[in-house]
Amino acid sequence: MSDKIKATAKQEADEVRRLAREGVQSRAYFYPIQGIYYLASHKDLRKPLFSRLAGTLTLGVGVTTFMFLFTYVPQLAVLFFTSGPLAAFSTALLVLSESSTLTTVLSKALLIEDSLIDTFDGTLISKGHTELVAKERQVKSGGAGDAIARLGSLMGKPFAKFTPSAIIRYFMYLPLNFIPVVGTIAFVILQGRKYGPQAHQRYFQLKGMSQQQREKHVEERKGAYTSFGIAAVLLEMIPVAGIFFTFTNTCGAALWAAKLEQAAGTAPSLRAQAEKAD
């Protein structure tokens, strides 16, 4: 039994190292950062964010107030045993982070779904992938360089409507934060593994992938998607600014999708050149 446990632990450790190496080599964790600069430098892509800013800020204030009223004291009691004199400060930061995450989850489900789709599609158009976007929505001609202005009616929506599963899962993982350092790292990794593939749900729809094709695509790039998700989750956990990073992460996901499309288009071209040379 002891040997089996050791063998299993070794397999798990090897898998974690493999995914970590794959994630680092993919450089997918840079796309959330690139999304910040790209959204900041393209005025037209900021329109969806500003159109929902008032509603999300109101939601954020409400969630944060609720969390401090009803969860601060219980969490302070727990953290007192792990953080000692710093418990009050640590608990305040934890509640702010929790409030930011919950605001993001609720706003995605209730307020900003269409705006995130517009941000994703607009980024693809700005990168020259109009034909890809046109598979699932109307795209107007012209627009004078305004990618958002060119977006027409959607033919379908890729994101699931509001379900309590995301919030339930979040609260299931939440106790990990009470374990200093290691627990928080585990929490971010678990959230990131789920976030990565979800960030490309729109891309999968535009590509017309079946569920089986999506799973295969993600499995082949599991390390890359995990690294992207971890970087995105860390940004969205930042108090107050979390909702802003939701849009920049969406922009970053679209930039990654554009890169994948570019690579897919280059491969057939290289094959054609090789055949011609033969």
Next item on the list: Could you check Glu219 against Lys222 for salt bridge (Lys or Arg N to Asp or Glu O under 4.0 Å), going step by step and ending with a plain yes or no?
Entry: CA-CA 5 Å; Glu219 183 64 28; Lys222 185 183 291 186; 3.4 Å; yes
Note to self: Between Phe204 and Val218, does the side chain to side chain contact (heavy atoms under 4.5 Å, CB included) criterion hold? Intermediate values first, please.
What the structure shows: CA-CA 10 Å; Phe204 300 152; Val218 172; 3.8 Å; yes
Next item on the list: Check the pair Arg221 / Glu22 against salt bridge (Lys or Arg N to Asp or Glu O under 4.0 Å), numbers first and verdict last.
Entry: CA-CA 8 Å; Arg221 301 165 178 81; Glu22 181 184 307; over 6 Å; no
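Side-chain atoms of Tyr72 come within 3.5 Å of backbone atoms of Ala88 as a donor-acceptor pair (strictly under, hydrogens ignored). Judged purely by atom type and a 3.5 angstrom limit, Ser26 uses its side chain to pair as donor or acceptor with the backbone of Gly23. Side-chain N or O atoms of Gln262 include none that pairs as donor or acceptor with a backbone N or O of Lys259 at under 3.5 Å. Remark: the backbone N or O of Leu86 is paired with a side-chain donor or acceptor of Ser90 at under 3.5 angstrom. No side-chain donor-acceptor contact under 3.5 Å links Arg52 to the backbone of Ser115.
Between Glu261 and Lys127 there is no salt bridge, since no side-chain nitrogen of the basic residue lies less than 4.0 Å from a carboxylate oxygen of the acidic one. A salt bridge is absent between Arg150 and Asp121; no separation between the charged side-chain nitrogens and carboxylate oxygens falls under 4.0 Å. With salt bridges taken as basic N to acidic carboxylate O contacts below 4.0 Å, one links Lys47 and Asp146.
Atom CZ of Arg202 sits about 8.5 Å away from atom CG of Leu132, to the nearest 0.5 Å.
Here the side chains of Leu206 and Leu124 are in contact, with some heavy-atom distance below 4.5 Å. A 4.5 Å side-chain heavy-atom check between Glu236 and Thr101 finds every atom pair outside the cut-off. Looking only at side-chain heavy atoms (C-beta outward), Thr103 and Thr56 stay at 4.5 Å or farther from each other. Counting only heavy atoms from C-beta outward, the side chains of Ser153 and Gln138 approach each other to under 4.5 Å. The shortest distance between side-chain heavy atoms of Phe120 and Val133 does not fall below 4.5 Å. The side-chain heavy atoms of Leu49 and Thr119, taken from C-beta on, include no pair separated by under 4.5 Å. Two residues are said to be in side-chain contact when any heavy atoms from C-beta on lie closer than 4.5 Å; Leu151 and Ile125 meet this criterion. Considering only heavy atoms from C-beta on, Pro48 comes within 4.5 Å of Ile148 through its side chain.
Under the ring pair (Phe, Tyr, Trp, His ring centres under 6.0 Å) criterion, Phe66 pairs with Phe70, sequence neighbours left out.
Among pairs with a residue in residues 218-240, those fulfilling ring-ring contact (aromatic ring centres under 6.0 Å, His included) read His200-Tyr225, His217-Tyr225, Tyr225-Trp256, Phe228-Trp256, at least two apart in sequence or across chains.
Using modelled atom types, one finds no donor on one side chain facing an acceptor on the other under 3.5 Å when comparing Gln211 with Arg214. Looking only at atom types and distance, the side chain of Tyr37 has no donor-acceptor partner in the side chain of Thr248 under 3.5 Å away.
The heavy-atom pair separating Ala147 from Leu45 by the smallest distance is CB-CD2, 4.3 Å. Across every non-hydrogen atom of Ser107 and Ile243, the tightest pair is OG-CD1, 3.2 Å. Closest non-hydrogen pair, Cys251 versus Thr123, comes out as SG-OG1, 3.6 Å. Between Phe245 and Ile238, the shortest heavy-atom contact is CE1-CD1, 3.7 Å. In plain terms, the two heavy atoms of Tyr38 and Ser126 that are nearest each other are OH-OG, 2.8 Å. Across all non-hydrogen atoms, the minimal contact from Leu235 to Pro32 is CD1-CB, 3.8 Å.
By the neighbour-count criterion of 12 heavy atoms within 6.0 Å, atom CZ of Phe80 is sparsely surrounded, having that number or fewer from other residues, nucleotides or ligands. The number of heavy atoms from other shown groups lying within 6.0 Å of CD (Gln213) is above 12.
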